[in-house]
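Report on the structure given below.
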2 protein chains.
Amino acid sequence: MTSESSSSNDLEGATTPVGFAHHDHDTCVAEGLAAAETRCEEDSLRFTPVRRKVLEILLQEHRALGAYSILDRLREEGFGSQPPVAYRALEFLVAHGLVHKIERLNAFIACAHPGEKHAPAFMICRMCECVAEAQSAPARGALGAAARATGFRIERTVVEAEGVCPTCADKVTKEVPA
Amino acid sequence: MTSESSSSNDLEGATTPVGFAHHDHDTCVAEGLAAAETRCEEDSLRFTPVRRKVLEILLQEHRALGAYSILDRLREEGFGSQPPVAYRALEFLVAHGLVHKIERLNAFIACAHPGEKHAPAFMICRMCECVAEAQSAPARGALGAAARATGFRIERTVVEAEGVCPTCADKVTKEVPA
DNA sequence: GATGAAACGTTATATAATCACACGGAAGAC
DNA sequence: GTCTTCCGTGTGATTATATAACGTTTCATC
């Protein structure tokens with residue numbers, strides 16, 4: 001599921017599926033790629049064409065894309081078209097914090113704060129499927145307390161909120177006028 | 001993945017894969033079933049044999065089981081053996097809060113606090129795959145603040161911590177003695 | 001240039017989830 | 001009681017998501 005290769009989900013023109021707030025999208029793609037490039041040079045990582053393309057594809061959305069949607073686009077661009085091509089690139093990008101996996105959707109999204117150390121949290125709109133990234137500090141709250149109490153060592157956290165984004169909430173109230 | 005039908009994961013005898021703390025397991029299965037029964041009567045829900053069996057299967061573990069592992073056991077017990085049988089029962093149980101889905105694992109676990117209203121959080125051991133349920137209040141922390149700031153309406157949250165449970169942590173330190 | 005490690009391309013396969021349709025039994029209407 | 005309707009079940013088929021395995025290429029290093 002997640003978001004099919006075009007069709008159905010054209011909402012407001014697809015150019016700016018928005019991460020809730022408006023922003024210069026072209027810039028944010030360019031910046032994302034530049035940040036990734038810098039990051040990879042610093043750490044002697046190979047930012048290969050496939051990896052770069054996958055990140056670029058993801059930066060063009062503020063929604064999560066399934067691996068097979070990504071794969072479709074790779075194919076269009078002349079890259080290998082078998083699942084492992086996409087999955088390997090995604091594995092690399094996720095491992096280095098440039099992309100996050102949205103477990104709830106079995107899908108992937110470009111990191112909004114590359115470079116910064118962070119425990120990301122996501123807000124997923126069930127209506128338009130857009131996803132916004134926020135910070136979380138799960139280890140500070142009830143979960144952290146439970147972990148300390150039982151002796152569980154937290155290495156990684158998944159925090160995903162599902163609900164309705166402000167844009168869709170507006171739309172709904174307007175659509176039921178009478 | 002998750003936990004195959006026996007093999008490989010026999011760890012400490014499989015009778016008590018533990019939810020970190022020791023407890024009387026038979027009792028906790030019986031209580032879980034009883035609680036579910038009560039709950040279904042109260043709400044006029046049909047606690048059918050398949051649904052009961054699936055819950056019982058899950059209560060016997062403190063790990064998350066994949067839908068197909070559950071299906072295998074249903075087959076052994078003479079129930080239908082096609083995926084929809086398991087998925088429909090799981091859908092019902094999840095909808096009514098008797099079972100939770102662990103998104104990280106694409107697997108399911110019996111609720112540890114049926115009846116109580118709760119936003120569950122999970123601690124998943126990457127070594128033994130056991131899962132413990134805790135409470136969370138994600139809307140109170142950084143995530144909640146971000147949601148309020150942007151106008152996102154949270155309806156449901158997924159909070160899952162991956163790490164190492166105390167039992168496995170002990171085991172590791174002991175295995176590297178010299 | 002030779003060498004070893006990491007990426008890639010491809011085939012095949014495993015795992016997870018849903019669709020569509022037929023059947024049967026329980027609950028409410030009469 | 002009987003009819004009707006709805007819900008749950010059983011089954012076959014299909015769609016989605018993800019990984020295994022293997023040979024080849026590319027790159028960094030010597």
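What you see is a predicted model, and the numbers here were worked out from it, not measured in a lab. Chain naming here is simple, since letters A, B, ... match the order of the sequence lines and numbering starts at 1 in each.
Distance from the side chain of Tyr87(B) is smallest to dT18(C) among dA18(D), dT18(C), dT11(D).
Applying the 3.5 Å distance criterion, the base of dG25(C) shares no donor-acceptor pair with the side chain of Arg46(B).
At whole-Å resolution of the value, CD in Glu91(A) and P in dA6(C) are 13 Å apart. Rounded to whole Å, the distance from CG on Leu71(A) to P on dT11(C) is 13 Å. Between Leu45(A) atom CG and dC27(D) atom P the separation is 16 Å, expressed in whole Å. Put simply, CZ on Phe47(B) is 18 Å from C1' on dA26(C), counting in whole angstrom units. With rounding to whole Å, Leu93(B) atom CG is found 13 Å from dG8(D) atom C1'. dT17(D) atom C1' lies 16 Å from atom CZ of Arg104(A), rounded to whole Å. For Phe108(A) and dA16(D), the CZ to C1' distance is 13 Å, given to the nearest whole Å. Between Asp72(A) atom CG and dA16(D) atom P the separation is 10 Å, expressed in whole Å.
For the OP1/OP2 pair of dT9(D) and a distance below 4.0 Å, the side-chain nitrogens and oxygens of Thr48(B) include at least one atom meeting the criterion. Taking 4.0 angstrom as the limit, Lys101(A) places a side-chain polar atom (N or O) nearer than this to OP1 or OP2 of dA18(D). For the pair Asn106(A) and dA16(C), the criterion of a side-chain N or O lying under 4.0 Å from OP1 or OP2 is not met.
No more than 12 heavy atoms of other residues, nucleotides or ligands shown are found within 6.0 angstrom of CD on Glu91(B).
Proximity of a side-chain donor or acceptor of Ser136(A) to a complementary backbone N or O of Leu143(B) within less than 3.5 Å is not detected. Side-chain atoms of Arg126(A) do not come within 3.5 Å of backbone N or O of Glu162(A) as any donor-acceptor pair. Formation of a donor-acceptor pair under 3.5 Å by the Arg39(A) side chain with backbone atoms of His96(A) is found in this model.
To the nearest 0.5 Å, atoms NZ (Lys53(B)) and CZ (Phe79(B)) are separated by 6.5 Å.
Between Pro84(B) and Arg88(A), the one whose closest nucleotide on DNA chain C sits nearer the 5' end is Arg88(A).
Looking at heavy-atom distances under 4.0 Å, Arg51(A) makes contact with sugar-phosphate atoms alone, never a base.
A stacking contact links Tyr68(A) to dT17(D): the aromatic ring centre lies within less than 5.5 Å of the base's six-membered ring centre, and the planes differ by less than 30°.
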